[in-house]
Amino acid sequence: MSAFDEDLFLKGLEQRKATLGAEYVEKNLAAADDFTRPFQEAMTAWCWGFGWGDGVIDAKTRSMMNLSMIGALGKMHEWEIHCRGAINNGVTQEEIRAIIHIIGIYCGVPQALECFRVARKVLEEA
């Protein structure tokens, strides 16, 4: 990595840990091998350093946006991870419910039901 990329990676690493939890992030990075490590590093720098690191939109709002977009895509494993992160970033149960309502309106009832199922699991664990 270049010096700029390293700085962006470190910035991203800090934000990724703040949102998803240090234990989760460190476990993912430790599990990376020669095949997956370049993606983990690039994703940390690009998504978390560049995407989340500009300071224009606060972390809570970004989490709410992520839940909406990931819910729309139907990527429920990622939705579960980001639901936990959203709670870490201050998103309330009522806000999660409102986000799921919007997902239901624009993406369909079955997708909203999936989001409710996963959100319930996450909220019960919190």
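Position 1 is the first residue of the sequence, and the numbers go up from there.
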> Quick one: CD1 on Ile70 to CE on Met65, what's the gap to the nearest 0.5 Å?
Replying inline: 11.0 Å

> To the nearest 0.5 Å, how far apart are CG in Asn66 and OG1 in Thr61?
Replying inline: 11.0 Å

> Should Asp54 and Arg62 count as an ion pair when the cut-off is N to O under 4.0 Å?
Replying inline: yes

> Rounded to the nearest 0.5 Å, what separation is found between the SG atom of Cys47 and the CZ atom of Arg16?
Replying inline: 9.0 Å

> Do Ile96 and Ile87 come within less than 4.5 Å of each other through their side chains, counting heavy atoms only?
Replying inline: yes

> Of the non-hydrogen atoms in Cys115 and Ile103, which two are nearest, and what is the gap between them?
Replying inline: SG-CD1, 3.9 Å

> Do you reckon Ile81 sits in the same ILVMFWY cluster as Leu67, going by side-chain contacts under 4.5 Å, direct or chained?
Replying inline: no

>> Taking Gly53's backbone N and O only, do any of them form a donor-acceptor pair with Lys11's side chain (distance below 3.5 Å, no angle check)?
In response: yes

> Looking at side-chain heavy atoms only, is the closest gap between Glu6 and Leu10 below 4.5 Å?
Replying inline: yes

> Does the distance from a Lys or Arg side-chain N to an Asp or Glu carboxylate O, for Glu23 and Lys17, drop under 4.0 Å?
Replying inline: no

> Does Asn28 use its side chain to pair, donor to acceptor, with the backbone of Tyr24 at less than 3.5 Å?
Replying inline: yes

> Going from CE on Met76 to NZ on Lys121, what distance comes out if it is rounded to the nearest 0.5 angstrom?
Replying inline: 10.5 Å

> Do Val56 and Met69 share a hydrophobic cluster, counting only Ile, Leu, Val, Met, Phe, Trp and Tyr and linking them when any side-chain heavy atoms are less than 4.5 Å apart?
Replying inline: yes

> Asn88 and Thr19: side-chain donor and acceptor closer than 3.5 Å?
Replying inline: no

> Do Ser68 and Ile102 touch side chain to side chain, with heavy atoms closer than 4.5 Å?
Replying inline: no

>> Grouping I, L, V, M, F, W and Y whenever their side-chain heavy atoms are under 4.5 Å apart, do Phe39 and Trp48 come out in a common cluster?
In response: yes

> Within a strict 4.5 Å, meaning less than it, do heavy atoms of the His101 and Phe116 side chains meet?
Replying inline: yes

> Which atoms form the tightest heavy-atom contact between Gly74 and Gln111, and what is the distance?
Replying inline: CA-NE2, 3.4 Å

>> Can you tell me how far apart CG (Leu123) and CD (Gln93) are? Round to the nearest 0.5 Å.
In response: 5.0 Å

> Tell me, do Arg84 and Leu20 make a side-chain contact under 4.5 Å, heavy atoms counted?
Replying inline: no

> Taking atom CZ of Arg120 as the centre, does the number of heavy atoms from other residues, nucleotides or ligands within less than 6.0 Å exceed 12?
Replying inline: no

>> Between Thr92 and Glu95, is there a side-chain donor-acceptor contact under 3.5 Å, judged purely by atom types and distance?
In response: yes

>> So which atom in Asn89 and which in Lys60 form the shortest heavy-atom distance, rounded to 0.1 Å?
In response: O-CB, 3.3 Å

> Going from OG on Ser63 to CG on Asp58, what distance comes out if it is rounded to the nearest 0.5 angstrom?
Replying inline: 9.0 Å

> Looking at Glu114 and Arg117, does any basic side-chain N land under 4.0 Å from a carboxylate oxygen?
Replying inline: yes

> Hey, any chance Trp52 and Val91 share a hydrophobic cluster, counting ILVMFWY side chains that come within less than 4.5 Å of each other, even indirectly?
Replying inline: no

>> Using only atom types and a distance under 3.5 Å, with no angle test, would you say the side chain of Thr44 pairs donor to acceptor with the backbone of Gln40?
In response: yes

